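Okay, structure first, notes after.
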Amino acid sequence: MKLSQMLFVTLREEPADAEVRSHALMARAGFIQKLAAGIYVYGPMMWRVLRKIENIVREEHDRAGCLELLMPAVQPRELWQESGRWDRYVQDGILFHFADRKGSEVCLGPTHEEVITTFVKRQIQSYKQMPVTFYQIQTKFRDEIRPRFGLMRGREFIMKDAYSFDPSAEAMKASYERMREVYRAIFRRCGLRFTPVEADSGAIGGSGSEEFMVDADTGEDAIAVCRESGYAANVEKAVSQIAPPPPAPEAIAMHKEPTPGAKSCEDLQRLFPDLPLERMLKTVLYKASFTEREEIVAVMARGDREINEVKLLNFLDALNVELADEQTVRQATGAEPGFAGPIGLADHVRLLADASVEGVQGFLCGGNETDTHYLDVWFDRDLPQPPSHDFGLVQDGDLSEDGQGRLSITRGIEVGHIFQLGTKYSEAMSAQFQDEDGKNKAIWMGCYGIGVSRVAASAIEQNHDANGMIWPLPIAPYSVLLVQMKAGNEDQDRVAQELYDQIQEAGVDVLWDDRVKVSPGAKFKDADLIGIPLRIVIGRDAKDRKVEWKPRVGETEVLTVEGALEKLKVALQEQNS
RNA sequence: CGGGGCGUGGCUCAGCUUGGCUAGAGCGCUGCGUUCGGGACGCAGAGGUCGGAGGUUCAAAUCCUCUCGCCCCGACCA
């Protein structure tokens with residue numbers, strides 16, 4: 001492709017609304033253009049990137065025996081009511097939905113479990129027809145509460161979703177394991193540095209679940225990784241060993257302490273400099289909502305620990321948990337927020353404790369009275385120890401659960417997520433088959449997602465410098481860029497044309513910056529911005545058939561035309577090996 | 001949904017507090033000339049219902065009301 005024929009427009013300034021590098025660079029380079037919040041046009045360059053990613057995704061799925069199909073974006077409400085997800089998704093505001101001309105409600109699919117389950121249940125009758133896995137690459141629609149970061153969190157985005165169908169839990173696990181390998185292969189081939197982590201399965205439900213995180217400081221997710229043991233998990237899910245509490249002090253009677261204005265552990269440390277943080281127990285109030293009711297839950301935790309709301313949510317099996325508002329706190333404790341404690345809570349409050357409180361004695365806790373705490377409190381003497389469970393948020397430096405090493409907290413971008421769904425959808429939608437024993441059983445499902453457009457964004461997030469993007473070769477819009485310094489110069493024209501023809505003949509996608517009346521400086525800046533990894537500069541030495549090998553990163557070399565072609569061949573081979 | 005902010009040529013922004021003359025700058029764009037290896041320079045140009053509607057006023061980008069859109073923080077999030 002010749003750049004002069006491309007309607008190639010770059011911006012010198014960053015768009016005002018770009019917050020992360022990938023967004024700013026893609027917008028500057030004309031790869032994407034915003035149409036509305038979280039909704040983008042993918043320009044020709046971007047579309048090439050997306051198609052390259054799609055092709056890798058396709059090849060790896062096909063290789064694993066998955067079957068590609070395409071499901072509708074528009075889906076009827078009835079289907080979603082069958083699975084029981086309509087109300088929840090509408091209530092969360094995430095669903096684009098509207099009435100058709102007959103007044104029937106439909107939605108734009110945010111995901112396709114309902115459709116695939118329906119499709120499959122009409123076809124599968126026997127265990128002999130399984131295992132089978134389908135996938136599609138489709139535009140998904142989610143009316144995100146807060147779209148941001150360009151393609152990273154859009155309201156319309158490209159996703160590959162796959163669904164496996166098996167006759168038993170064991171078979172489902174085997175399909176899941178196969179897919180784990182497919183995912184590893186895909187992200188490796190895309191040239192990304194990534195970490196697979198154990199994950200919470202969230203609203204979609206199911207048991208086993210793993211997320212694929214592209215390592216990037218700007219990622220929205222925090223992950224806990226242990227180098228020594230190889231453990232890696234989303235912090236929502238991560239577990240750790242924490243240091244035991246300090247030995248109990250001398251037992252003296254529980255008593256009140258005036259603590260004016262001390263609402264946090266930090267404030268309290270100033271008032272009680274000799275009391276270790278591990279002997280201050282905080283009590284945090286949450287409002288948990290269930291289908292039919294709400295519950296106020298108080299959770300105790302050691303002063304040096306934080307509470308993991310996802311673990312709490314899962315333990316309670318609630319639809320949602322959120323911090324209680326001030327009004328609720330006052331009602332539950334009879335005090336201003338900041339003084340909640342386990343003793344003297346209102347009767348309707350359910351008291352729980354994080355495992356970090358176990359063994360802590362002679363501690364400080366809220367007094368359920370404004371400006372007051374209790375000191376020298378002992379479990380089993382002054383109050384029964386509340387039921388405890390792991391509600392803790394792992395912290396950087398925690399010991400891994402097996403004790404082999406320390407956890408460090410890093411950040412990542414979730415580009416893939418795989419789930420063992422079990423029979424959640426097949427039961428709700430009665431997708432059954434007849435097993436070998438003649439009995440009708442629910443199909444065991446797994447589902448597997450890759451954010452295709454997010455993969456592209458995260459590749460830039462992970463690979464860029466001050467001047468622009470640096471694409472991994474397998475997903476670059478073009479593999480090679482020919483930068484011709486002065487289009488119209490006979491020697492340069494001839495050499496550039498020769499290179500262009502030869503590279504094309506070799507089946508390599510090449511872009512030729514043949515623009516006239518564009519200064520060398522501007523060409524170099526544009527080349528850096530769009531980040532095509534392999535570059536050959538045709539300039540002043542063209543008369544001697546000399547060109548420059550000048551990859552996006554790395555050393556520049558002056559070579560003959562043949563030398564440059566050879567160099568290119570080697571670079572492309574390295575990539576494929 | 002709660003809090004905050006912003007809508008002015010294609011892009012980034014100034015002007016608005018305190019209403020007043022043909023609404024400005026830089027980038028980009030067009031033409032001519034000079035340049036020509038890291039976003040060149042000169043000269044001459046094109047391009048704006050100041051997000052929209054209504055109102056106040058002799059007069060509105062500027063003040064008021066409504067409305068639409070966008071951004072940030074939070075909640076939320078396969």
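Computed from a predicted model, the values in this text were never measured in an experiment. Below, read A as the first sequence line, B as the second, and so on, with proteins coming before strands; counting in each chain starts at 1.
- Rounded to whole Å, the separation between the C1' atoms of B/A60 and B/A23 comes to 13 Å.
- Classification of the A/Tyr183-A/Phe187 ring pair by plane angle, with boundaries at 30° and 60°, yields perpendicular.
- Using atom C1' as the reference point in both B/G15 and B/G9, the two lie 15 Å apart (nearest Å).
- Contact check for A/Thr133 versus A/Met179: side-chain heavy atoms found under the 4.5 Å cut-off.
- Rounded to the nearest 0.5 angstrom, A/Ser453 OG and A/Leu151 CG are separated by 5.5 Å.
- A/His23 places its NE2 atom 13 Å from the P atom of B/C70, with the value rounded to the nearest Å.
- Using atom C1' as the reference point in both B/G47 and B/G26, the two lie 16 Å apart (nearest Å).
- One can place CD of A/Glu19 at 10 Å from P of B/C71, the figure rounded to the nearest angstrom.
- Comparing B/G51 with B/G33, their C1' atoms are spaced 41 Å from each other, to the whole Å.
- Between B/U17 and B/C32, the distance separating the two C1' atoms is 45 Å to the nearest Å.
- Rounded to whole angstrom, the span from the CD1 atom of A/Ile39 across to the C1' atom of B/C70 amounts to 13 Å.
- Among the heavy atoms of the strands lying under 4.0 Å from A/Val321 are primed sugar atoms or P, OP1, OP2 only; no base atom is included.
- The partner of B/U49, taking Watson-Crick or G-U wobble pairs whose two distances both stay under 3.5 Å, does not exist in any strand shown.
- Regarding A/Asp221, its CG atom lies at a distance of 10 Å from the C1' atom of B/C77, rounded to whole Å.
- If you check the side chains of A/Asn308 and A/Glu236, you find no donor sitting under 3.5 Å from an acceptor.
- When both pairing distances are held under 3.5 Å, B/G42 makes a Watson-Crick or G-U pair with B/C32.
- Remark: C1' of B/C71 and CG of A/Leu35 are 17 Å apart, rounded to the nearest angstrom.
- If you measure from atom NZ of A/Lys287 to atom C1' of B/A75, you get 12 Å, rounded to the nearest angstrom.
- Within the shown strands, nothing qualifies as a pairing partner of B/U17 under the Watson-Crick or G-U definition with both distances less than 3.5 Å.
- A/Ala527 comes within 4.0 angstrom of nothing in the nucleic acid, heavy atoms only.
- A side-chain donor from one of A/Glu461 and A/Ser22 sits under 3.5 Å from a side-chain acceptor of the other.
- Residues A/Ile145 and A/Lys160 each lie close to RNA chain B; by heavy-atom proximity, the contact nearer the 5' end of the strand is made by A/Ile145.
- Between the side chains of A/Thr117 and A/Glu113, no donor N or O sits under 3.5 Å from an acceptor N or O.
- The partner of B/C63 is B/G55, judged by Watson-Crick or G-U wobble contacts that both fall below 3.5 Å.
- Comparing the same atom, C1', in B/C21 and in B/C58 gives a spacing of 15 Å after rounding to whole Å.
- The distance from atom CG of A/Asp143 to atom P of B/G69 is 12 Å, rounded to the nearest whole Å.
- For the P atom pair drawn from B/G24 and B/C50, the interatomic distance equals 14 Å after rounding to whole Å.
- Of the N and O atoms on the side chains of A/Thr556 and A/Glu548, not one donor lies less than 3.5 Å from an acceptor on the other residue.
- B/G69 is paired with B/C6 under the Watson-Crick or G-U wobble criterion, all donor-acceptor distances under 3.5 Å.
- Side-chain atoms of A/Asp514 and A/Gln5 include no donor-acceptor pair closer than 3.5 Å.
- The residue A/Glu414 sits close only to the backbone: its heavy atoms come under 4.0 Å of sugar-phosphate atoms, none of a base.
- The nearest whole Å value for the distance from the CD1 atom in A/Ile450 to the P atom in B/A78 is 18 Å.
- The separation of B/C66 from B/C43, taken at their C1' atoms, amounts to 49 Å, rounded to a whole angstrom.
- For residues 17-28 of chain A, the pairs satisfying salt bridge (Lys or Arg N to Asp or Glu O under 4.0 Å) are A/Glu14-A/Arg21, A/Asp17-A/Lys34, with sequence neighbours left out.
- Side-chain proximity of A/Lys140 to B/A78, B/C70, B/G74: nearest is B/A78.
- Base pairing of B/G74: its partner is B/C1, meeting the Watson-Crick or G-U wobble criterion (both donor-acceptor distances under 3.5 Å).
- Nearest-nucleotide assignment on RNA chain B puts the 5′-proximal partner with A/Gly38, out of A/His417 and A/Gly38.
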Return a single string for nucleotides 31-42 of chain B, one symbol per nucleotide in 5' to 3' order, where B is base contact, S is sugar-phosphate-only contact and - is none, cutoff 4.0 angstrom on heavy atoms.
-----BBBBS--
